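Inspection log for the structure reproduced underneath, given as C-alpha cells.
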Amino acid sequence: MEEENTHTSRKLNGDGLLHRQSLPDDLIIEILLRHPVRSLLQFKHVCKSWKTLISDSQFAKRHLHRLTMDPSITNLQIIFASEFGFGRIVSLPLKPLLEKPSEPIKAVEIGMEQYRFSILGECNGLVCLLDITQGYVTLWNPSTRFKSKKSPSIGKWRVANYGFGYDHVNDKYKVLLDVRPHGNRNNHNVRLYTFGENSWTTIQNFPCPPTGFTIIGKFVSGTLNWVVSRVGDYEQTTILSFDIVKETYSEILLPQNQKHDGRRDSEPKLGVLDNCLCLCFDINTHLVLWLMKEYGVVESWTKLMMIPAEHLRKHVEWPIIFVIEPLFIFGNNIVLLRTNYKFLLYNLNNGKIDIPLISTSIRRSPHLYLETLISLPL
C-alpha cells in the first residue's frame with residue numbers, strides 16, 4: 001500500500017505538475033491555507049493555477065480567518081518607524097523576542113521609498129501610513145509589498161489623534177484623523193477616510209479634547225478607542241469609543257475601583273491584549289493593568305496584574321510614564337510592555353522582568369503586525 005501511494009504521489013503530467021487526480025482541489029486548498037505567507041508567496045511560482053489561487057482575494061480572506069482562529073506568534077512581527085523617520089520602517093519578529101529574550105534580535109529595515117511616513121495603525125496585515133510631507137494616507141502590506149492608491153491630501157494640518165480599523169459589515173478599511181492648525185489646540189476637524197473612495201468626510205461634533213499629545217486610537221471589536229479627560233477634571237476620565245461601522249461615538253467608563261492621582265502624565269494608557277481593551281495605571285507605588293473581558297461591559301473590567309514600582313525602577317527610568325502600554329500576552333503569563341525606548345517582558349507567575357536585546361531603540365509607537373495576503377482592489 002505504501003509503495004502504491006508513493007507511486008501515485010509522483011505521477012506527473014508533461015509540465016512536471018501533479019495530475020489533478022492525485023489530490024482533489026479542495027484538499028490542495030486546505031493544505032495551502034495552512035502555510036504561512038512567506039511560503040505561499042514562493043508557491044505562487046509553482047504553476048499558474050497556484051498563482052491564480054493564492055492571488056485570489058477570497059483565498060486571502062480564508063487564510064486570514066485561519067490565522068485568527070488558530071493564532072501563532074510565528075506569523076507576528078512588531079513594526080515601527082525608526083528614530084530618524086524618512087521611510088525608515090523596521091520590524092522585529094515576535095517569536096524570538098518572547099522565547100529567547102537574552103539572545104540579540106536584529107531589527108530588519110523595510111523602508112518605504114524616500115518619503116517620511118508615520119504609521120497610523122495595522123489591521124489584518126495592512127499597515128496604514130500617513131505621508132507627513134504630502135498629507136495623504138495609503139495602505140501597505142509589508143509581506144506582499146502591496147500598496148493602495150493614495151488618498152486626497154489633508155493639507156498642512158497637525159494630526160492630534162488618529163485611529164485605523166476595519167468595517168467588517170461593508171468590508172472596508174477606514175482611518176480617522178483629528179487634524180488641527182499648527183499652534184492651535186482648540187480648533188479641530190475630525191475627518192474619516194474610507195479606502196476605495198476618493199474623498200474625506202467630516203465627523204460632526206466629535207468630542208476630542210484640546211491636547212498637546214498625539215493619541216493613538218486602539219482598534220477592538222469594530223471600534224476605535226481613546227482615553228480622554230474633561231479639561232481640568234481628571235476625575236472625569238473615560239474611554240471615547242468610535243463605531244467604525246455606524247460612524248457614531250459613545251463613552252465607556254473606566255474600572256470603578258481604580259483611581260489615578262490626577263497628574264497629566266499619569267493618565268491611564270490604553271492597549272489591546274487578546275482582542276480585549278486594557279488599561280495601564282501609574283499609581284506611584286505600582287503599575288496596575290486592567291483587562292475588559294467583554295467589550296463595552298464595565299462590570300467585565302478585571303485586574304490582570306500589579307507590578308511594584310520598586311521592581312520597575314531597576315529596569316526603566318521613573319516615573320512609570322516611560323512604560324507606555326501593554327502590547328501582547330503570551331501563554332497567559334508573559335506580558336510584553338513597551339516603553340519609549342525598550343521592551344519589557346513581565347512574568348505574571350513569578351514577577352520576573354526580562355529586557356529583550358534588540359538592535360534598535362523604540363522611538364515611534366510600535367504596532368503588532370500579522371503577516372497576511374490581504375490587499376485591496378486597485
Side-chain angles (χ1 to χ4, degrees), residues 36-38 41 67 71-134 136-148 150 159 162-164 175 214 216-219 269 271-272 315-316 322-328 330 334-345 354-375:
V37 168
R38 296 179 188 184
L41 294 177
L67 288 176
S72 168
I73 58 174
T74 304
N75 302 308
L76 287 168
Q77 302 271 333
I78 297 175
I79 186 170
F80 54 95
S82 60
E83 183 173 359
F84 302 105
F86 294 100
R88 290 172 55 87
I89 297 175
V90 298
S91 69
L92 291 167
L94 186 63
K95 182 178 174 68
L97 187 147
L98 294 172
E99 295 182 342
K100 299 177 181 179
S102 60
E103 297 184 8
I105 304 168
K106 184 178 181 181
V108 177
E109 185 173 328
I110 47 176
M112 287 285 292
E113 304 165 1
Q114 74 272 28
Y115 304 116
R116 182 169 181 174
F117 286 96
S118 178
I119 300 176
L120 301 183
E122 184 278 347
C123 186
N124 297 339
L126 292 176
V127 178
C128 184
L129 299 173
L130 169 68
D131 184 316
I132 61 178
T133 62
Q134 299 184 31
Y136 68 82
V137 294
T138 187
L139 292 184
W140 174 51
N141 185 325
S143 295
T144 64
R145 295 301 189 262
F146 161 82
K147 196 166 136 183
S148 72
K150 301 174 183 178
V159 176
Y162 57 87
F164 168 65
V175 59
T214 299
I216 306 170
K218 300 300 180 182
F219 179 68
K269 306 299 186 297
V272 178
H315 304 281
V316 297
F322 286 98
V323 178
I324 302 299
E325 65 173 305
L327 287 178
F328 189 77
F330 176 54
I334 303 295
V335 178
L336 174 66
L337 303 166
R338 70 111 170 170
T339 76
N340 281 355
Y341 303 99
K342 64 177 70 172
F343 294 111
L344 304 177
L345 293 174
D354 287 311
I355 310 294
L357 299 177
I358 63 175
S359 60
T360 187
S361 62
I362 307 166
R363 302 293 297 192
R364 303 284 179 90
S365 299
H367 300 265
L368 278 183
Y369 165 71
L370 177 65
E371 295 178 326
T372 75
L373 296 167
I374 296 295
S375 61

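All figures in this text were calculated on a predicted structure; none of them were measured in a lab.
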So, taking the atom named CD1 in I216 and the one named CG in L120, what distance separates them when rounded to the nearest 0.5 Å? 9.0 Å
Side-chain contact, heavy-atom cut-off 4.5 Å: F330 with V335? no
Pairwise side-chain contact, I355 with L344, heavy-atom cut-off 4.5 Å (strictly under): yes
When you look at L327 and H367, which way does the side chain to side chain contact (heavy atoms under 4.5 Å, CB included) test go after all the steps? CA-CA 8 Å; L327 287 178; H367 300 265; over 6 Å; no
dist W140:CH2 -> I89:CD1 (nearest 0.5 Å) comes out at 4.5 Å
Please tell me if the side chains of L92 and F80 come closer than 4.5 Å, counting only heavy atoms from C-beta onward. yes
Please examine the side chains of I358 and L97, heavy atoms only from C-beta on, and report whether any two atoms are closer than 4.5 Å. yes
Exercise: do Y162 and S118 side chains pair donor with acceptor under 3.5 Å: no
Between CZ on residue F117 and CG on residue L129, distance to nearest 0.5 Å: 6.0 Å
Step-by-step side chain to side chain contact (heavy atoms under 4.5 Å, CB included) determination, F328 to I78: CA-CA 10 Å; F328 189 77; I78 297 175; over 6 Å; no
Value rounded to 0.5 Å, distance of CG in L336 from CG in L345: 5.5 Å
Closest approach of L357 and S102, non-hydrogen atoms and distance? CD1-O, 3.2 Å
Backbone N/O of T133 and side chain of D131: donor-acceptor pair under 3.5 Å: yes
Can you name the nearest heavy-atom pair linking V127 to E122, along with the distance? CG2-CG, 4.2 Å
At their closest point, which heavy atom of Q77 faces which heavy atom of S91, and how far apart are they? OE1-OG, 3.6 Å
Applying side chain to side chain donor-acceptor pair (under 3.5 Å), name anything that partners D354, two or more places apart in sequence or on another chain. none
Gap between atom NZ of K269 and atom NZ of K218 - 0.5 Å precision: 11.5 Å
Minimum-distance pair of heavy atoms, taken over all atoms of L67 and E371: CD1-O, 3.4 Å
Exercise: identify the closest heavy-atom pair between T144 and T372: CG2-O, 3.9 Å
Less than 4.5 Å apart, any side-chain heavy atom of I105 and any of P93? yes
Give, for atom CG of N124 and atom OG of S375, the distance between the pair rounded to the nearest 0.5 Å. 12.0 Å
With F164 as reference, evaluate I119, L139, L130 under the side chain to side chain contact (heavy atoms under 4.5 Å, CB included) test and give the passing residue. L139
Side chain to side chain donor-acceptor pair (under 3.5 Å) between Y369 and N141, worked out: CA-CA 10 Å; Y369 165 71; N141 185 325; 3.0 Å; yes
Beyond-backbone contact of L41 with L373, side-chain heavy atoms, under 4.5 angstrom: yes
Got F343 and L337 here, is their nearest side-chain heavy-atom distance under 4.5 Å? no
So do the side chains of I73 and L98 get within less than 4.5 Å of each other, counting heavy atoms only? yes
Write down the atom of L368, the atom of L94, and the distance for their closest heavy-atom approach. CD2-CD2, 4.2 Å
